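Everything numeric in this text was worked out from a predicted model, so none of it was measured. Residue numbering restarts at 1 for every chain, and letters A, B, ... go by the order of the sequence lines.
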Amino acid sequence: MDVSHILDGLNDAQRDAVSGEEQAALILAGAGSGKTRVLVHRIAWLMQVEGVSPYGILAVTFTNKAAGEMRERVQAMLQTPVSGMWIGTFHGIAHRLLRMHSKELGLPDAFQVLDSDDQFRMIKRLLKAMNIDDARWPPRQVQWFINAQKDEGRRAKHLAAGADPFEQKMIEIYTEYEVICQRSGLVDFAELLLRAHELIRDNVAVLEHYQQRFKHVLVDEFQDTNTIQYAWLRLLTQEAENLYVVGDDDQSIYGWRGAKIENIHRFQKDYPKHKLVKLEQNYRSTSTILNAANAVITHNDSRMGKELWTDGEDGELISLYAGFNDQDEARFVVDRIQHWAEQGNLRAEAAILYRSNAQSRLFEEYLMMSGIPYRVYGGQRFFERLEIKNALAYMQLATHLENDAAFERIVNTPTRGIGTRTVELVRERARAQGISLWQAANALCEGVELSGRAVNALSGFIKLMRDISGNLKSAVLFEQVNQVISQSGLIEFHKKEKGEKGEARVENLEELVNAARQFVYGAAGEEELSELDSFLAHAALEAGDTQGDKFEDCVQLMTLHSAKGLEFPLVFMTGVEEGLFPSQRSVDGIGRLEEERRLCYVGITRAMQQLYITYAESRRLHGQESYPMPSRFIREIPAELIQEVRLNARVSRPVTAEQPIGFRDESDAGFRVGQRVMHTKFGEGMVLNHEGRGAQARVQVNFDAVGSKWLMLAYAKLETM
DNA sequence: TAATCAGCTTTTTTT
DNA sequence: AAGCTGATTA
């Protein structure tokens, strides 16, 4: 068979990665080196050259988007649908396994997926029920603890009863949390992975089945795998050593959520016969941009060692702009984008990247003022919206009355006279007898503990839910959804809300019916679920895209994290300041700085033609004025790759190594001697002197009322006047 | 029971 | 600045 089309157009390293008989392989793929291409061609190679059936291939990604893209590209290349092939996210595949093997796992067969928001609420309620001080054990931290344990493969019973009372309590909560999830038939995201692991660890027959079925297992973004994901992959492939992974240690930016770069090293030890291929030729960026990225990332220790190169042009220098403040920074960026568009370029080819979501606001304001359309990534997604989650909760409870999370959410939404006191009694009863909230509510309606009014309200709710679940039997999916929404009274409830908020919510609810209409039943391979249950699982596992019109030509705004995997001809990396990027927390913590630097590397390598780096000399943060220093990352880029940009003209200033550009000579307090300032406690005064930089910066101020004082800038609330 | 107000906290994100 | 929580009030 002629296989030239699989290898044609690939460079040597890519060919090496795609072809060959090695079962295990580690492909270190730098940014823009054709990573997805290699994966897709590898799958084509396996099928067409080695004759592997689509059933014998398992391909795992982290996001639904990546999975969808991979499936599409494989199909385009093979000119045939590959529905039998398992391509999906870790969570999607785990979910599928759990559905198929719920009996072996002792799971309720109608279990539902608990998303992180519902998990958070669940934990909050649990803390209250257990009478735990949520100041000492904040629900966020508890959630983090539980998920971190699960990511490491540890159940509550595995945790040693240590002496530390704080941890002791955490373990206690974890134990209770597991009980309540099991009773409510709920499985959170981390639990999906943990159960999937336990399934093949504890059931030899199941393990052998999948070991035999999957002749090849391929993993994308391997540097982002956590402990449990690796353990799962390891079990699946330890016999045949048939694990093919693609990743980039320099782009590992999710350590804070459990990703373990060390998995790359473990892979090398665990699969001694593996092939190692480095993809270093970059097809995306100019060599100037690559040189800058390489220079920055070199400052990290413990890298696998990899250097991007291109045979393309040098391209333009990287532009550095020092905004006088954050508004000036935003003004500058928008101004440059306007220029770009005026020269006939697409606005969609320009991206504004920032470290934290809060920074998008100013850019949005200036873009709006200039009438430039834009799209903000991140933020709340369709299935996460309050009104949508409420509607989904009605469906969840109607199909699964034991679902306590759903019960809590809608028992008094819309308000129907069931107050906190009544719900409290329901909770107490449920807890005392170890039954679901639904059962407890039913029992209370029969009993005498509640006032007549409360019984009325509560039994009204019970009757409503019975009606709704009765009506679900016949109709097709979108009609079911439509019916639930109208019966629930949510439309009227949100219509009453004042302002445009209510209107938007009603529209979203209508959109939910639409989403149901477009839902393809069986696409996720979940034939064992009813159509509605399948739709609900889809809503939890794939929260949908963020708002925004994909088809309009608009500027792209997103965090550096969400930019990973994307590329743009024109990129603005903004807010490149100490304390913001790298973030304060990463500077304080050990080992976090390297990850921050990798994030910078990701940011730089998003740019194809032109990269702007901007920072502000003064910035309003949390309603406070701050005077940050330019980020250390700017200093790590060789000066000859940078040109400083001034207000209305570009000035290339010769720079020497001893005196990096963008740094002021004098102490960096950001205040001038003689300047009038305002302090919240001491009132008005005049700056006499200043010294130190960054966190150590101090100013001496002669206050009109209380005389001269030295103040730490980091703490003093000084405002310029 | 529901609405209003004052005080407190702040990365990054997918599933 | 803004959003959320808890407490207070109508």
> Nearest to the A:Arg381 side chain among B:dT11, B:dT15, B:dT13, which nucleotide is it?
B:dT15
> For the residue pair A:Trp256 and A:Tyr254, categorise the inter-ring angle as parallel (less than 30°), tilted (30 to 60°) or perpendicular (more than 60°).
tilted
> For DNA chain C, note the earliest and the latest nucleotide, 5' to 3', having some atom under 4.0 Å of a heavy atom belonging to chain A.
C:dA1 to C:dG6
> I need the CG-P distance between A:Asp188 and B:dT14, as an integer number of Å.
18 Å
> For A:Trp256 and B:dT12, say yes or no: do the ring centres fall under 5.5 Å of each other while the ring planes differ by less than 30°?
yes
> Provide, to the nearest angstrom, the distance between the NE2 atom belonging to A:His91 and the P atom belonging to B:dT15.
9 Å
> Side chains of A:Gln556 and A:Arg375: do they bring a donor and an acceptor to under 3.5 Å?
no
> What's the closest nucleotide to the A:Asn357 side chain, out of B:dT1, B:dT12, B:dT15?
B:dT12
> Between A:Glu329 and A:Thr574, is there a side-chain donor-acceptor contact under 3.5 Å, judged purely by atom types and distance?
no
> When the distance from CD of A:Gln584 to C1' of B:dT12 is rounded to whole Å, what number comes out?
15 Å
> What about A:Ser116, does its side chain sit under 3.5 Å from the base of B:dT15 through a donor-acceptor pair?
yes
> More 5' along DNA chain B: A:Glu595 or A:Arg453, using each one's nearest nucleotide?
A:Arg453
> Over all strands shown, is A:Lys124 touching base, sugar-phosphate only, or nothing at heavy-atom distances under 4.0 angstrom?
sugar-phosphate
> Checking all strands, does A:Leu362 fall into the base, sugar-phosphate, or nothing category for heavy-atom contacts under 4.0 angstrom?
nothing
> Without hydrogens or angle criteria, can the side chains of A:Asp249 and A:Gln223 be said to hold a donor-acceptor pair below 3.5 Å?
no
> Of the options B:dT10, B:dA2, B:dT12, whose atoms approach the side-chain atoms of A:Arg585 most closely?
B:dT10
> In whole angstrom, give the distance that lies between atom CG of A:Leu541 and atom P of B:dT15.
9 Å
> Could you state the NZ-P distance from A:Lys65 to B:dT15, rounded to the nearest angstrom?
10 Å
> Ignoring hydrogens and angles, write down the donor-acceptor pairs under 3.5 Å from the side chains of residues 62-69 of chain A, residues two or more places apart or on other chains.
{"from": "A:Thr63", "atom 1": "OG1", "to": "A:Ala66", "atom 2": "N", "distance (Å)": "3.0"}
{"from": "A:Asn64", "atom 1": "ND2", "to": "A:Leu541", "atom 2": "O", "distance (Å)": "3.2"}

> Please check if any side-chain donor atom of A:Asn325 sits under 3.5 Å from a side-chain acceptor atom of A:Glu625, or the reverse.
no
> Can you tell me how far C1' of B:dT12 sits from OH of A:Tyr601, to the nearest Å?
20 Å
> Check the phosphate of B:dT13 against A:Thr559, side-chain N and O only, distance under 4.0 Å to OP1 or OP2. Yes or no?
yes
> Which nucleotide in the list B:dT15, B:dT11, B:dT12 gets nearest to the side chain of A:Ser583?
B:dT11
> Which of these nucleotides, B:dT12, B:dA2, B:dT1, is closest to any side-chain atom of A:Asn412?
B:dA2
> Take the protein atom NZ of A:Lys150 and the nucleotide atom P of B:dT14, then report the distance between them rounded to whole Å.
21 Å
> Which class fits the ring pair A:Trp86 and A:Tyr210: parallel under 30°, tilted 30 to 60°, perpendicular over 60°?
tilted
> Just how far, in rounded Å, is C1' of B:dT10 from CZ of A:Arg361?
14 Å
> Would you tell me whether A:Thr225 and A:Asn263 have side-chain atoms, one donor and one acceptor, within less than 3.5 Å of each other?
yes
> I want to verify a distance call: between B:dT15, B:dA2, B:dT10, whose nearest atom is closest to the A:His622 side chain?
B:dT10
> Considering every strand and a 4.0 Å limit on heavy-atom distances, what is the contact class for A:Asp224: base, sugar-phosphate, or nothing?
nothing
